Every structure is written in C-alpha cells, then in structure tokens.
Number of protein chains: 2
Amino acid sequence: MRKKMDDEQRRVIREKILVCTKSIVEEEGFEGISIRKVAELAGYTPGSIYQYFENKDVLVREVIKEGYEKILEAVLSETGHSLTIEKQIRQKFKAYTRAAMEMPDYYKAVMMNDDKAIVGMTSVLDNASNGAIIILEKAIKKGIDSNEFKEGNPKIIARIIWASNFGLTMRMITEKINDEETINAFMDEQFDLLFNGLQKKERT
Amino acid sequence: MRKKMDDEQRRVIREKILVCTKSIVEEEGFEGISIRKVAELAGYTPGSIYQYFENKDVLVREVIKEGYEKILEAVLSETGHSLTIEKQIRQKFKAYTRAAMEMPDYYKAVMMNDDKAIVGMTSVLDNASNGAIIILEKAIKKGIDSNEFKEGNPKIIARIIWASNFGLTMRMITEKINDEETINAFMDEQFDLLFNGLQKKERT
DNA sequence: ATATAAAATGAACACTGTTTAATTAAACAG
DNA sequence: CTGTTTAATTAAACAGTGTTCATTTTATAT
C-alpha cells in the first residue's frame, strides 16, 4: 500500500504551490490568481491543489500572510538603537512604509481585507511583544508620565499614529507616488505634525 | 420601422439598472454584483445590459460614483459657518467620516480602487472649488501667513490631514468599530494631535 | 507479483462576463 | 389591415472561474 506522505513531504509541495501563486501575484496581481493557473505552474491538475489547500481563500490568505511577514521583517531589522525614542519610532515607521510600498499588493491585501483571519494578522502589530505599536505605546506612555506629552490614552494615540501612517501609505500607493523624495517629504511632514501635536503646550 | 429610443428613455432604463445594482450591493456588497443577477432584477436578459452599459466595470464604476457623491453631499451640507475655521474643518471631516462609515462599501471602493477613472473621482475632493481639501488648504495657508502655524507647504499638509483621516476611517471600517462614542473619541484625538501639531511652538 | 491505500486525474457542475445570430416588437407606408 | 423596416431583446454559445468526486495511476508492504 502506498505510504501516506509525511508532514515534510506535504510541506514541500505546499511550499511549491505557494511559490507558484506568488509568482502569479508578481506578474498579474492578486486578481490574476486562479486555481487552474496555479496548478499548471506547479505541475498538477486543479483538483490536486485541494489536497494541499482547503480552498482558494486559504491559499490566498497564506500568500498574503507570508508577504506581510516580509514587510514586518523590515520593521524588526530596523534597529537604530542609538537614537532618541522619537527618532527610533520615526525610522521604524519609515522602514515599514518603504517596505509596504515595495509590496503594495500585499500591503493593500492585508490592510483592506475585513476577513476575520486577516484582520487578526494586522493586530500582530498590536499584539506582538516587540511590535511597532507596542513600542510606540510605551514611548507615548513614558512621555505622558514624564509630563513631556499632553494628557491622553497611549493606546488610542498609538493607534491613531499607526492609522494615520497607514492612510498616507495607502494613498501614496493608490495614487502611484513613486518619487522617493516626495514619499520622504510626506512622511516626515506627517510625523512632524503628529509628534509636534503630542508636545505639551498651550494653544495660542 | 421601430423608433430609436430617445435619450430620456435610455436614461430611465439605465437608472433602473443602476438602482437594481445598488440593491444587490446593499445585500451582498460589491462582490455580489453579477450581470445575470442585475439583469433578472431589472427584468432583462444578461445581453440587454450591454445595450446600456459598455461592460460590467463601467456599470460598477457608475454605482461607486453615485455612492461616493452621497458621501460628499454630507460634507457640503455641513455648514457650521459660525464657528472658527479649525472647528469648521473638524466638523466637515467628522461629517465626511460619519457618512463614509454608513456606506463603508462605497467608501472603500472609491478610496482603494487604483482604476484611473476612480482615482480621478477622489481628486474631486482636491479640485472642487469648495471641496474639503481646498478649504483646509486655504485655512492652513492663512494660519502660516499670519505666523500662527509653523512653516510648511499648505498643499502637502492638507493632503496629510486628509490621508490621516482616511487611514483612521478605513481602519475603523475594517475593524468594524461601530460604537459612536469610540468613533468620536478616535476622531477628536486625531484632530487634536494634527491641529496641535500645526501650532507654532518650540519643541521642549 | 499482487493487494492495498494514497495521490493524482479528468470530467462534471454551477457559476462568471461577454458576444452574436436569431427573434420579437414597434412604427411607418401603401 | 398588411408588409416592410429597423431597433430592442433574447437565447445560445464561448471561454473562463472555483469546486467536487468517481476513476485511474502509483508506490509500497506483503
């Protein structure tokens, strides 16, 4: 009797299917994914794909997840430990945005999808112990406690900064703004506004 | 010989098709739109739809456009002329966001679509003589000229505020935040940050 | 070599957008 | 009222989609 594939064999085939799907995304975007195309590229018939992925959604979700993880890696590999906390945050966000704009399809897919499983992925940022949001939240709390920042809920403020950054990134992607200088100008101005807004000062 | 339909007759039928499409969107979202469903609802066969709309994209684009116009109306109908400029802007943005969150599918469709014809629609906001962005831009220019706001490019700052608002709105839609109080808290905090950041003051 | 179970296939189903030949319907002339 | 003409509508087909499942192929243990 034919032996059941072990987990490693299955993993290899799943990986091959994922790689083929990603290559389709690179050439035709997420809309271009079709089970038949994936199958042909992987050297299978369409039906076989279902032996490795429950359905198309699961396959696509996996591809999105792996793409987004690459974007997140850009944040984590950006250390800049010698700078002030504000500059650290700024650099991390900029690294994140730069990575997102290099994989716009993936960024869009993960940020816009209201599929529960994918919304959950975005909150990786919120939950991961060293995720950008947590670092940001702690820095803000520190600033408030030391009376440097104005009063406010650090959790809410952190999320607003993150959402604001997302909005600008998304608009730059949608409007196909590619010029590195323009991108930098927009991002710097946004952080200037937001961080300046955090300072504790009376309004004139 | 059968007379050609006049423009009014065609308009009426187009309108009927649009109404049917919108009713599908309301029940199943934009993904639910299919020419066959639209045709059946409108009392036609699929082929006939193509007499009134070049293709599905054109039909969908028209539906998106009309939906977004409704969102924009909310901004325009929000007068609040007795308040300060900052409060006017704040109120307009809040009206816009509230309208967008009541028609999330349409807002999402218009803001996320990189289809040239639809990106053009979003710049209605930029171009319309009394669009939110222009008002914002003028107010910012005034603040800078009167030495009240810090130095900066009003066009860029206006776009950043708009993009930041979009980001927060989109995240609240995606994360299905429905509580009116929470929505208000997030929006107010965002404007506090951004407008406070605009003030001309030395950083401590 | 053969039996057995797992993997892979191929065909089918129900759907999609779109095109086009054929049909139906309406308005005019005689 | 009867053709004729022409526009509106339809029905059928095409190529594509995701998915399922009976059938076939394949690899292994006996």
Side-chain angles (χ1 to χ4, degrees), chain A residues 1-25 27-65 105 109 113 115 117-118, chain B residues 1-25 27-65 105 109 113 115 117-118:
Chain A
M1 61 218 109
R2 184 171 184 163
K3 251 192 188 166
K4 239 186 184 168
M5 279 181 169
D6 59 38
D7 288 356
E8 177 57 15
Q9 278 177 296
R10 280 189 69 82
R11 220 220 73 234
V12 168
I13 295 178
R14 268 182 68 99
E15 184 56 33
K16 187 206 234 169
I17 293 170
L18 286 168
V19 167
C20 293
T21 310
K22 285 178 204 167
S23 82
I24 293 173
V25 173
E27 292 193 4
E28 314 175 48
F30 280 87
E31 314 294 296
I33 301 175
S34 96
I35 296 291
R36 281 174 178 80
K37 266 192 254 173
V38 171
E40 194 180 13
L41 244 89
Y44 282 104
T45 49
S48 290
I49 304 299
Y50 289 84
Q51 203 110 64
Y52 300 95
F53 293 92
E54 204 185 324
N55 55 42
K56 192 192 174 186
D57 276 357
V58 171
L59 167 60
V60 171
R61 204 176 296 151
E62 187 79 26
V63 170
I64 290 174
K65 192 187 135 205
D105 287 330
N113 208 316
D115 178 348
I118 291 184
Chain B
M1 59 221 107
R2 185 169 184 166
K3 254 192 186 165
K4 243 187 180 167
M5 277 181 169
D6 60 37
D7 287 356
E8 177 57 16
Q9 278 178 296
R10 280 188 68 81
R11 220 221 73 234
V12 169
I13 295 178
R14 268 182 69 98
E15 183 57 32
K16 187 205 233 169
I17 293 170
L18 286 168
V19 167
C20 293
T21 310
K22 284 178 204 166
S23 83
I24 293 172
V25 173
E27 293 192 3
E28 313 174 49
F30 279 87
E31 314 294 295
I33 301 174
S34 96
I35 296 290
R36 281 175 177 79
K37 266 192 254 174
V38 171
E40 193 179 15
L41 244 92
Y44 282 103
T45 48
S48 291
I49 304 298
Y50 289 84
Q51 205 111 62
Y52 300 95
F53 293 92
E54 203 185 327
N55 55 43
K56 192 192 175 186
D57 276 357
V58 170
L59 167 61
V60 172
R61 205 176 295 152
E62 187 80 26
V63 170
I64 291 175
K65 192 187 136 206
D105 287 328
N113 208 316
D115 178 347
I118 291 184

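Here the structure is a predicted model, which means the values were calculated and not measured. Here is how names work: the chains are called A, B, and so on, in the same order as the sequence lines, proteins then strands, and each is numbered from 1.
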Query raised in the report: Do the non-hydrogen side-chain atoms of B:E62 and B:T21 ever get within less than 4.5 Å of each other?
Result: no
Query raised in the report: If you count the non-hydrogen atoms of other residues, nucleotides and ligands that lie under 6.0 Å from CD in B:E40, is the total more than 12?
Result: no
Query - Side chain of B:K56 (C-beta onward), nearest among D:dT17, C:dG17, D:dT20 - result: C:dG17
Report task. Assess whether atom CG of A:D7 is packed by more than 12 heavy atoms of other residues, nucleotides or ligands within 6.0 Å. Result -> no
Query raised in the report: Which is it for A:L18 and A:L59 under the side-chain contact (heavy atoms from CB on, under 4.5 Å) test, yes or no, and what are the steps along the way?
Result: CA-CA 7 Å; A:L18 286 168; A:L59 167 60; 3.8 Å; yes
Query - Whichever of A:G32 and A:E54 has its nearest DNA chain D nucleotide further upstream toward 5' - result: A:G32
Query raised in the report: What nucleotide among D:dT17, C:dA6, C:dT16 has an atom nearest to a side-chain atom of A:R36?
Result: D:dT17
Query raised in the report: If you check the A:K3 side chain, which of D:dA29, C:dA27, C:dT16 turns out closest?
Result: D:dA29
Report task. Write down the atom of A:Y52, the atom of A:M5, and the distance for their closest heavy-atom approach. Result -> OH-CE, 3.4 Å
Requested in this report: Take the protein atom OH of A:Y50 and the nucleotide atom P of D:dA22, then report the distance between them rounded to whole Å.
Outcome: 17 Å
Query raised in the report: Hey, does the side chain of A:K56 reach the backbone of A:I35 with a donor-acceptor pair shorter than 3.5 angstrom?
Result: no
Query raised in the report: Taking atom CD of A:E27 as the centre, does the number of heavy atoms from other residues, nucleotides or ligands within less than 6.0 Å exceed 12?
Result: no
Query raised in the report: Should we count CD of A:E54 as having more than 12 external heavy atoms under 6.0 Å?
Result: no
Query raised in the report: Once you round it to whole Å, what is the distance between C1' of D:dA8 and CZ of B:R10?
Result: 10 Å
I'd like a list of close polar pairs between nucleotides 9-12 of chain D and the protein, N/O only, cut-off under 3.5 Å.
from	atom 1	to	atom 2	distance (Å)
D:dT9	OP2	B:Y52	OH	2.6
D:dT10	OP2	B:T45	N	3.0
D:dT10	OP2	B:T45	OG1	2.9
D:dT10	OP2	B:S48	OG	3.0
D:dT10	O5'	B:T45	OG1	3.3

Requested in this report: With axes from five pairs an end, tell me the bend angle of the helix from C:dA1-D:dT30 to C:dG30-D:dC1, nearest 10°.
Outcome: 30°
Requested in this report: Please state how far atom NZ in A:K16 lies from atom C1' in C:dA7, giving the value in whole angstrom units.
Outcome: 14 Å
Report summary line: Atom CG of B:D6 and atom P of D:dA7 are separated, to the nearest Å, by 15 Å
Report summary line: Rounded to whole Å, CG of A:D57 lies from C1' of D:dG18 at a distance of 10 Å
